[in-house]
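What follows is a short report on a single structure.
When a residue number appears, it is its place in the shown sequence, counting from 1.
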Amino acid sequence: MIIEALNNYIQGNYAHFDAQVSENLCQIRAYQLIQTLEENKEYCKNKLSNFIQQVKEIQHRCESLLVQYEALKNKQPSHYLKFIRQSTTLKQVLDEHKLDVNFLEPVYFLTQAYVLSKYKLTGEFETSHGIDYEKICQSLGNISKTYARKIIHRLQRNLSEFSCQFLFKLLYGLNAEQYELCLLKSLYFKDEVGRHVLPCYEVTKILLMHALHSNKHIQVVVARIAQNEKDTIEFTLQPSQKQNCYIVDYKSVGQTKRGIMLFTGLARYKQERLESREHYLKRFSAAGFETIVLCNMAQHPQYPGILLDNKKYNPYMELDLSSQPHDYSKKRRSTEEEFLKYKYLAAQLGCSRKDAGLFLLTHIRCNTATN
């Protein structure tokens, strides 16, 4: 899996790292991949190619060792059983056969994201429908479903924690106010199966802020559906430092970047015919990209599962920040009011499941602008 993951990364197949972690935070993984691309672009290919060779050598030693074990088991079963029951630690076995390996941080992220993407099930408009455990069992040598679930669960927990820590790093890098750091820490939980979770609305605010300050392009793909017509429109958004927002770029397709945030969604029309593309883009621009995305994020559940059920639709309502060094009660109320404003606006603008007349976000991932 490591070899597959790194080869796909080197070849630029970024859609293969669209992990299914089931906590509604696909936007973090998309941005993690973009940051991984940018932070490692100088030495990445050579370093990762060398790492692939190292892994291939380890794979060869593993295969040789398994052949030895099989031979021992077939010829001398009692000796084999005695051998494997010795009080030898896993680390001693790894060290003895030179099977231990130090993961580079990008490899840690890429491999786990790749596995969770390889086995995910997707439906219409790229919506995720869980994990294909049958496929995992077959590809890993007919292991049991119980064992496959344990593997996936561990990877999801690992990646969710890594993603949340990544977001905190971004916020520190933005020189955030103490209130924003306290707020994010107070909204950081584990769900009932041990996944690390943050509310998608708050996460998206930070990502958009960082992307704008870092001058990153964004691409949008909209499937427009009327009773008698269908059409897909795609366009690029340019960061405008002067206006402090993203604006629709009518000319470029954003081919300057090898990794780009791709927002996919749909617009459902109640009438028989679609409006012109020009008119749709004007409506989209008038509403504003940030407003549209935050409306989408505010109108759906903020956390997965049942443990955090009371925080799903308003994570700020019962949040108490009065014990912090400063009393942030007023700021908390202001944050909650802003969240509720976007939640209300979602229905007004056509960014909700009941009315998707403008843009209902279905997925966020990283890709190349030309793909």
- request: Kindly assign one of parallel, tilted or perpendicular to the pair Phe17 and Tyr9, based on the angle between their ring planes and the thresholds 30° and 60°.
  value: perpendicular
query: Crowded around Arg353 CZ? As in, over 12 foreign heavy atoms under 6.0 Å?
result: no
- line: When every non-hydrogen atom of Tyr246 is compared with those of Ile218, the smallest separation belongs to CZ-CD1, 3.6 Å
- request: Determine whether Leu183 and Leu319 make a side-chain contact, defined as any pair of heavy atoms from C-beta on separated by less than 4.5 Å.
  value: yes
message: Any heavy-atom pair between the side chains of Gln302 and Leu187 that's under 4.5 Å?
response: no
message: Any side-chain to backbone donor/acceptor pair from Lys311 onto Pro199? Under 3.5 Å, distance only.
response: no
message: Taking Asn8's backbone N and O only, do any of them form a donor-acceptor pair with Gln11's side chain (distance below 3.5 Å, no angle check)?
response: no
task: Please confirm whether the backbone N or O of Tyr108 pairs with a side-chain atom of Gln112, one donor and one acceptor, at under 3.5 Å?
output: yes
- request: Answer yes or no: is there a side-chain heavy-atom contact under 4.5 Å between Gln35 and Lys216?
  value: yes
- prompt: Taking NZ, NE, NH1 and NH2 as the nitrogens, is one of them in Arg333 or Glu336 under 4.0 Å from a carboxylate oxygen of the other?
  reply: no
- prompt: Given side chains that start at C-beta, do those of Leu167 and Tyr31 come closer than 4.5 Å, heavy atoms only?
  reply: no
query: Should Ile10 and Leu33 be regarded as members of a common hydrophobic cluster, given that ILVMFWY residues are connected when their side-chain heavy atoms come within less than 4.5 Å of each other, either directly or indirectly?
result: yes
- prompt: Taking only residues two or more places apart in sequence or in another chain, which ones pass side chain to side chain contact (heavy atoms under 4.5 Å, CB included) with Lys169?
  reply: Glu105
Step-by-step side-chain contact (heavy atoms from CB on, under 4.5 Å) determination, Gln92 to Asp95: CA-CA 5 Å; Gln92 286 172 320; Asp95 289 342; 5.8 Å; no
- prompt: With hydrophobic residues grouped by side-chain heavy-atom distances under 4.5 Å, do Leu174 and Val293 end up in a single group?
  reply: yes
field: Path from Tyr133 to Met1 over hydrophobic side-chain contacts below 4.5 Å
entry: yes
message: Within this structure, what is the NZ-CD1 distance for the pair Lys145 and Ile152, rounded to the nearest 0.5 Å?
response: 13.0 Å
query: Would Leu361 end up clustered with Val248 when hydrophobic side chains under 4.5 Å apart are linked, directly or stepwise?
result: yes
message: Any side-chain to backbone donor/acceptor pair from Glu234 onto Val222? Under 3.5 Å, distance only.
response: no
query: Does atom CG of Leu66 have more than 12 heavy-atom neighbours from other groups under 6.0 Å away?
result: yes
task: Evaluate whether atom CG of Asn74 has more than 12 neighbouring non-hydrogen atoms of other residues, nucleotides or ligands under 6.0 angstrom away.
output: yes
- prompt: Would you call Glu180 and Lys205 a salt bridge, taking side-chain N to carboxylate O under 4.0 Å as the test?
  reply: no
message: Is the ring pair Tyr201/Tyr316 parallel, tilted or perpendicular, if the boundaries are 30 and 60 degrees?
response: perpendicular
message: Could you measure the distance from the CG atom of Leu110 to the CD1 atom of Ile2? Nearest 0.5 Å is fine.
response: 11.0 Å
- line: When Gln271, Glu272, Arg273 are each screened for side chain to side chain contact (heavy atoms under 4.5 Å, CB included) with Tyr269, the one that passes is Gln271
- prompt: Do you know which two heavy atoms are closest between Ser276 and Arg224, and how far apart they sit?
  reply: O-NH1, 3.8 Å
Backbone N/O of Arg29 and side chain of Ser163: donor-acceptor pair under 3.5 Å: no
field: Where Cys295 and Leu349 come nearest, the two heavy atoms and their spacing
entry: SG-CD1, 4.0 Å
- request: Tell me, with the steps shown, if Val107 and Val55 meet side-chain contact (heavy atoms from CB on, under 4.5 Å).
  value: CA-CA 11 Å; Val107 177; Val55 173; over 6 Å; no
- request: Answer with yes or no whether the side chains of Ser22 and Gln20 bring together a donor and an acceptor at under 3.5 Å.
  value: yes
message: Check the orientation of Tyr188 and His196. Use parallel for under 30°, tilted for 30 to 60°, and perpendicular for over 60°.
response: tilted
- request: Look up atom CD1 in Ile143 and atom CZ in Arg149, then write down how far apart they are to the nearest 0.5 Å.
  value: 11.5 Å
statement: dist Ile52:CD1 -> Leu6:CG (nearest 0.5 Å) comes out at 4.5 Å
- prompt: Do other residues, nucleotides or ligands put more than 12 heavy atoms under 6.0 Å from the CZ atom of Arg61?
  reply: yes
query: Is there a donor-acceptor contact under 3.5 Å from the side chain of Asp191 to the main chain of Gly305?
result: no
message: Applying side-chain contact (heavy atoms from CB on, under 4.5 Å) to Tyr328 and Ser186, what does each step give before you reach the verdict?
response: CA-CA 12 Å; Tyr328 292 130; Ser186 302; over 6 Å; no
- request: Is it possible for you to say whether Ile151 and Leu121 belong to one hydrophobic cluster, with membership spreading through side-chain heavy-atom contacts below 4.5 Å?
  value: no
task: Assess whether atom NZ of Lys341 is packed by more than 12 heavy atoms of other residues, nucleotides or ligands within 6.0 Å.
output: yes
- prompt: In Å, rounded to the nearest 0.5 Å, how long is the span from CD of Gln27 to NE2 of His363?
  reply: 10.0 Å
- prompt: Taking the side chain as C-beta and beyond, is there a heavy-atom pair between Gln138 and Lys135 under 4.5 Å?
  reply: no
- prompt: Does Lys282 come within less than 4.0 Å of Glu275, counting only side-chain N to carboxylate O?
  reply: no
query: Which pair of heavy atoms, one from Leu116 and one from Ile131, lies closest together, and at what distance?
result: O-CD1, 4.1 Å
- prompt: When rounded to the nearest 0.5 angstrom, what is the spacing between CD in Glu192 and CG in Leu308?
  reply: 7.0 Å
message: A side-chain contact here means heavy atoms from C-beta on lying under 4.5 Å apart; do Lys190 and Arg195 qualify?
response: no
- request: Specify whether Phe189 and Tyr303 have parallel, tilted or perpendicular ring planes, treating 30° as the upper limit for parallel and 60° as the lower limit for perpendicular.
  value: perpendicular
query: Could you go step by step and tell me if Glu229 and Asp231 meet the side-chain contact (heavy atoms from CB on, under 4.5 Å) rule?
result: CA-CA 7 Å; Glu229 282 186 323; Asp231 174 45; over 6 Å; no
field: Whether Asn13 side chain and His16 backbone form a donor-acceptor pair below 3.5 Å
entry: no
- prompt: Does OH belonging to Tyr344 count more than 12 external heavy atoms closer than 6.0 Å?
  reply: no
- request: Decide yes or no for His217 and Pro239: does some side-chain heavy atom of the first lie under 4.5 Å from some side-chain heavy atom of the second?
  value: yes
- request: Of all the heavy-atom pairs spanning Cys200 and Met297, show the shortest one and how long it is.
  value: CB-SD, 4.0 Å
message: Would the distance check show the side chain of Lys343 and the main-chain N or O of Tyr313 forming a donor-acceptor pair, the cut-off being under 3.5 Å?
response: yes
task: Search all heavy atoms of Cys137 against all heavy atoms of Ala148 and return the closest pair with its distance.
output: SG-CB, 4.0 Å
task: Report yes if the side chains of Arg154 and Asn158 come closer than 4.5 Å at any heavy-atom pair, otherwise no.
output: yes
task: Give a yes or no on whether the ring-centroid distance for Phe263 and Phe289 is below 6.0 angstrom.
output: yes
